[in-house]
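In what follows, a single structure is set out as structure tokens and then discussed.
Just so you know, these numbers come straight off a predicted model, no measurement behind them. Side-chain atoms are counted along with the backbone in the values below, which use heavy atoms only and exclude waters and symmetry mates.
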Amino acid sequence: MMTNEWIDRLRALRVMPVIQIENAADAVPLAKVLVENGLPAAEITFRTTAAAESIRLIRAAYPQIVLCAGTVLTIEQVDAAIAAGADFVISPGFNPSTVTYCLENNIKMIPGVNNPSLVEQALELGVSALKFFPAEASGGINMLKSLVGPYSQIQLMPTGGVTPLNLGEYLAIPQVIACGGTWIAPTRAIANHEWDLIAGNVREVRAMIDQIGA
């Protein structure tokens, strides 16, 4: 099992808000809601052109936040994310070129996998912190349990279909570091500045984590 400090920080969080920001001006107000309501973390996805600037603004306003870039598909996006201030990057799939680039440049990365062959490719390169994606579409809890049977050394971040209804089941698996939560800060709610709604979601997640226990 990995004991790197950044992995330990993720395990302490238990849930990583997965966020798509259309307008970088919304980044700091959103981060404020996350921090002040007990979940100081954000995965800003590179699904929009506002991603890098959003990361830069959040890092400047909240240096303490656990901040990563998601949906990172290319080496150029890796460089942009790290330059903006991301602690690490996450990809939906396993691209050997991108993973190797990160390893060679001491950039922390969690690549995506959803089957044994991809897990073995990751382990061959020395990578054991992995994103299980798309979690529910790939078999959910049962598939994840099947993977950690032969590969007990991996640590996983399930994302995609994780909700308050199944969060506890995922977090009960020892190899799960944290779960990606796309429901916490919906894109539309961010765009409409529904900060009270998002704050309520954060507090709900925080209460669930406290109830489940670390």
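Contact check for Thr45 versus Val18: side-chain heavy atoms found under the 4.5 Å cut-off. Residues Ser128 and Leu123 have side chains in contact (heavy-atom distance under 4.5 Å, counting atoms from C-beta outward). Using a 4.5 Å heavy-atom threshold, the side chains of Trp6 and Val66 count as separate. Under the 4.5 Å side-chain criterion, counting only non-hydrogen atoms from C-beta, Thr159 is not in contact with Met16. Side-chain contact between Ile110 and Phe88: present, with at least one pair of heavy atoms (C-beta onward) separated by less than 4.5 Å. Ser91 has its side chain out of reach of Thr98: every pair of non-hydrogen atoms, C-beta onward, lies at least 4.5 Å apart. Annotation: side chain of Val202 is in contact with side chain of Ile184 (closest heavy-atom distance under 4.5 Å). Ser152 has its side chain within reach of Gln175: a pair of non-hydrogen atoms, C-beta onward, lies under 4.5 Å apart.
Looking at every heavy atom in both residues, Thr71 comes nearest to Gln77 through O-OE1, 3.7 Å. Nearest heavy atoms, Ser54 versus Ala24: OG-CA, 3.5 Å. When all heavy atoms are compared, the tightest approach of Ala69 to Ala81 is CB-CB, 3.4 Å. Listed here is the closest heavy atom pair of Leu144 and Phe132: CD1-CD2, 3.7 Å. Nearest heavy atoms, Val162 versus Leu167: CG1-CD1, 4.1 Å. Closest of all the heavy-atom pairs between Ile65 and Ala41 is CG1-N, 3.5 Å.
With hydrogens and angles ignored, the 3.5 Å screen pairs a side-chain donor or acceptor of Thr48 with a backbone N or O of Ile21. Judged by distance alone, the side chain of Asn166 and the main-chain N or O of Thr163 form a donor-acceptor pair under 3.5 Å. Side chain of Asn23 to backbone of Ala25: a donor-acceptor contact under 3.5 angstrom is found. Side-chain atoms of Arg14 come within 3.5 Å of backbone N or O of Ile177 as a donor-acceptor pair. Panel note: side chain Asn115, backbone Leu118; a donor-acceptor pair is recorded below 3.5 Å. No donor-acceptor distance shorter than 3.5 angstrom exists from the side chain of Asp87 to the backbone of Cys68, with no hydrogens or angles considered. Put simply, the side chain of Asn37 never gets that close to the backbone of Arg206: no donor and acceptor are under 3.5 Å apart.
Under a cut-off of 6.0 angstrom, the local environment of CD in Glu124 is sparse, with at most 12 non-hydrogen atoms contributed by other residues, nucleotides or ligands.
To the nearest 0.5 angstrom, Ile58 atom CD1 is 6.5 Å from Ile19 atom CD1. To the nearest 0.5 angstrom, Leu13 atom CG is 7.5 Å from Ile209 atom CD1. Atom CE of residue Met157 and atom SG of residue Cys179 lie 8.5 Å apart, to the nearest 0.5 angstrom. Trp183 contributes atom CH2, which lies 9.0 Å from atom CG of Asn201 (distance to the nearest 0.5 angstrom). To the nearest 0.5 Å, atoms CH2 (Trp195) and CD1 (Ile190) are separated by 6.5 Å. From Met143, atom CE reaches atom CG of Asn114 across 6.5 Å, with rounding to the nearest 0.5 Å.
Hydrophobic clustering places Leu10 together with Ile107 (ILVMFWY residues linked when any side-chain heavy atoms are closer than 4.5 Å, directly or through intermediates). Note on Leu73: it does not cluster hydrophobically with Ile75, by side-chain heavy-atom contacts below 4.5 Å among ILVMFWY residues. Linking Ile, Leu, Val, Met, Phe, Trp and Tyr whenever their side-chain heavy atoms come within less than 4.5 Å puts Leu30 and Tyr62 in one cluster. Met109 and Ile55 fall within a single hydrophobic cluster, where Ile, Leu, Val, Met, Phe, Trp and Tyr are joined by side-chain heavy atoms under 4.5 Å apart, directly or via other members. Following chains of ILVMFWY side-chain contacts shorter than 4.5 Å, one cannot reach Phe133 starting from Val127, and the two form parts of different hydrophobic clusters.
Residue Tyr151 forms a side chain to side chain contact (heavy atoms under 4.5 Å, CB included) with just one option from Val113, Val119, Leu130, and that option is Val119.
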